[in-house]
Amino acid sequence: MIKKILKISLYAFVLLASVNFLFLLFEFYIYSQIKEYLELSIGFPFKIYYQFQVSCCDSCYTLHHKFELFNLIYNYLFCWIIISLYFFLKQKQNPTHP
């Protein structure tokens, strides 16, 4: 049982990292086409990290950022539920394999 929980936890972490990385690449592609101020948000379905650029005077720009720890936990729990449902449905279809 503990082995299965650790396996689900590892797969959930890999899913979380992969999905967030793909959304980050997609966002870089979108902003390379628009060429406006830098605005970056990482996280799906909840934003984990948010960074944006603000013009403070004519030639100076500052970056503001925010990290949301609770949204990271919510995203991980969301991925954990998806992976555990996958394993549950897989076991229900083929009950002879653990």
Side-chain angles (χ1 to χ4, degrees):
M1 183 68 175
I2 292 177
K3 183 179 176 183
K4 187 178 276 191
I5 291 174
L6 289 175
K7 185 177 181 181
I8 291 172
S9 298
L10 177 68
Y11 285 178
F13 177 75
V14 170
L15 177 67
L16 176 72
S18 301
V19 167
N20 285 327
F21 182 69
L22 288 175
F23 273 94
L24 180 66
L25 288 178
F26 179 71
E27 194 165 332
F28 280 152
Y29 174 74
I30 294 294
Y31 278 109
S32 71
Q33 302 298 319
I34 296 173
K35 295 185 175 138
E36 288 185 5
Y37 294 117
L38 176 66
E39 185 175 316
L40 176 69
S41 62
I42 301 172
F44 177 78
F46 304 107
K47 288 184 183 179
I48 298 169
Y49 180 79
Y50 184 69
Q51 178 178 345
F52 58 97
Q53 191 174 19
V54 177
S55 171
C56 59
C57 58
D58 291 335
S59 63
C60 128
Y61 297 100
T62 59
L63 286 175
H64 295 274
H65 54 89
K66 183 178 184 182
F67 177 75
E68 295 284 343
L69 181 62
F70 288 114
N71 286 350
L72 175 65
I73 294 169
Y74 296 150
N75 285 346
Y76 182 74
L77 289 175
F78 180 73
C79 291
W80 202 90
I81 290 170
I82 288 174
I83 296 294
S84 60
L85 284 174
Y86 169 76
F87 278 113
F88 176 73
L89 292 175
K90 183 178 166 184
Q91 183 180 11
K92 199 170 191 175
Q93 284 181 346
N94 196 0
T96 57
H97 290 105

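The first residue in the sequence is number 1, and the count goes up from there.
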Between NZ of K4 and CD1 of I8, what distance do you get to the nearest 0.5 Å?
6.5 Å
Can you tell me how far CH2 of W80 sits from CG of L85, rounded to the nearest 0.5 angstrom?
9.5 Å
Close aromatic pair by centroid cut-off 6.0 Å: F87 and Y11:
yes
Is there a donor-acceptor contact under 3.5 Å from the side chain of N75 to the main chain of F46?
yes
In Å and rounded to the nearest 0.5 Å, what is the CD1 to NZ distance from I83 to K7?
11.0 Å
Would you say I5 ends up clustered with I73 if hydrophobic residues are merged whenever their side chains have heavy atoms under 4.5 Å apart, either directly or through other cluster members?
yes
For a side-chain contact (heavy atoms from CB on, under 4.5 Å) with Y76, tell me which candidate from N71, I48, L16 qualifies.
L16
Looking at F67, I'd like to know if its CZ atom is crowded, meaning that more than 12 non-hydrogen atoms belonging to other residues, nucleotides or ligands lie closer than 6.0 Å.
yes
Donor-acceptor contact below 3.5 Å, side chain S84 vs main chain I81
yes
Derivation of the side-chain contact (heavy atoms from CB on, under 4.5 Å) call for I42 and F23:
CA-CA 7 Å; I42 301 172; F23 273 94; over 6 Å; no
Taking all atoms of both residues into account, what is the closest heavy-atom pair of A12 and C79, and its distance?
O-CB, 3.7 Å
Treating E27 as the side-chain partner and S41 as the backbone partner, does any N or O pair qualify as donor plus acceptor under 3.5 Å?
yes
State whether the number of non-hydrogen atoms from other residues, nucleotides or ligands found under 6.0 Å of Y50 atom OH is greater than 12.
yes
Rounded distance (nearest 0.5 Å) linking atom OH of Y49 with atom CG of L24:
11.0 Å
If I take atom CG from residue L15 and atom CD1 from residue I82, how far apart are they, to the nearest 0.5 angstrom?
6.0 Å
